Amino acid sequence: MDEWGWPPESEDSCTVALLVGELTANAVRHGRVPGRDFRLRLTYEAPAGTVRVEVSDASSDRPPIEPFDPSCDDESGRGLYLVDVLADRWGVAPREPAGSVGKTVWAEATVAPPAVTAARTD
């Protein structure tokens, strides 16, 4: 996010960092298949002002369609609840390329225009 013009302490950068953290934690905890890693992809669509987080894992187990509302006593289970609250949209798709084993859980957040247009070096 910093390379795209959002400082790490900005609200948009913190929101995306939380989405990345929750989706990757879920991939490690619930989608791990021994010997296979997960893949993280972040994209920024400037015209729409949207950052998309995609986390692909090798498990075909799909997360619940609607996250449950955890109670104060629950020690876990808040990941998708937080994603649902923070993201404008989220969902699950088959892992790409077609025929790959697993799934991609994605979340999109609308962000304000970056404070500074950063020069890309890649």
Side-chain angles (χ1 to χ4, degrees):
M1 292 291 291
D2 192 33
E3 288 181 16
W4 289 333
W6 289 274
E9 66 278 0
S10 70
E11 184 175 337
D12 289 327
S13 187
C14 289
T15 296
V16 172
L18 284 168
L19 291 171
V20 167
E22 292 302 331
L23 294 181
T24 56
N26 283 348
V28 170
R29 182 170 182 172
H30 303 292
R32 186 167 181 333
V33 173
R36 306 278 307 270
D37 290 326
F38 68 88
R39 185 184 92 168
L40 169 66
R41 181 175 183 225
L42 241 61
T43 56
Y44 171 54
E45 295 293 330
T50 302
V51 173
R52 183 176 173 104
V53 179
E54 296 178 354
V55 178
S56 301
D57 63 49
S59 172
S60 57
D61 293 342
R62 296 174 72 84
I65 299 297
E66 293 194 28
F68 73 96
D69 190 2
S71 74
C72 295
D73 297 331
D74 289 335
E75 294 183 15
S76 65
R78 290 176 178 77
L80 284 180
Y81 179 78
L82 289 172
V83 169
D84 193 53
V85 169
L86 294 170
D88 295 307
R89 291 168 298 286
W90 71 275
V92 182
R95 187 172 184 164
E96 293 292 330
S100 297
V101 176
K103 65 184 171 301
T104 298
V105 182
W106 58 269
E108 294 178 344
T110 302
V111 294
V116 177
T117 303
R120 300 280 310 211
T121 58
D122 54 340

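Treat the numbers as computed from the prediction; the structure is a model and nothing was measured.
No continuous path of hydrophobic side-chain contacts links Val101 to Val28 [ILVMFWY only; heavy atoms under 4.5 Å]. Clustering ILVMFWY residues whenever any of their side-chain heavy atoms sit less than 4.5 angstrom apart, transitively, puts Phe38 in the very cluster that holds Leu42.
The minimum heavy-atom distance between Pro8 and Cys14, with the atom names listed, is O-SG, 3.6 Å. For the pair Ala27 and Val55, the tightest heavy-atom approach, listed with the atom from each and the gap, is CB-CG1, 3.6 Å. Of all heavy-atom pairs spanning Ala58 and Arg95, the tightest one is N-NH1, 3.4 Å.
Between the CG atom of Leu80 and the CD atom of Glu22 there is a distance of 8.5 Å, given to the nearest 0.5 Å. Residue Asp57 holds its CG atom at 12.0 Å from CG of Leu40, rounded to the nearest 0.5 Å. The NZ atom of Lys103 sits 4.0 Å away from the OG atom of Ser59 when rounded to the nearest 0.5 Å. Between Met1 atom CE and Glu3 atom CD the span is 11.5 Å, to the nearest 0.5 Å.
Around atom CZ of Arg41, no more than 12 heavy atoms belonging to other residues, nucleotides or ligands sit under 6.0 Å away.
Asp88 contributes a side-chain N or O that, together with a main-chain N or O of Thr110, makes up a donor-acceptor pair within less than 3.5 Å. When atom types are taken as modelled, the side chain of Ser13 and the backbone of Glu9 share no donor-acceptor pair closer than 3.5 angstrom.
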Take Val53 and Val16, measure what side chain to side chain contact (heavy atoms under 4.5 Å, CB included) needs, and give me the verdict at the end.
CA-CA 8 Å; Val53 179; Val16 172; 4.2 Å; yes
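Checked against side chain to side chain contact (heavy atoms under 4.5 Å, CB included), Ala107 has the following partners two or more places apart in sequence or in another chain: Leu19, Leu23, Val83, Ala87, Trp90. Under the salt bridge (Lys or Arg N to Asp or Glu O under 4.0 Å) criterion, Arg52 pairs with Glu54, Glu108, not counting sequence neighbours.
The stretch residues 40-60 participates, sequence neighbours left out, in these ring pair (Phe, Tyr, Trp, His ring centres under 6.0 Å) pairs: Trp4-Tyr44, Trp6-Tyr44.
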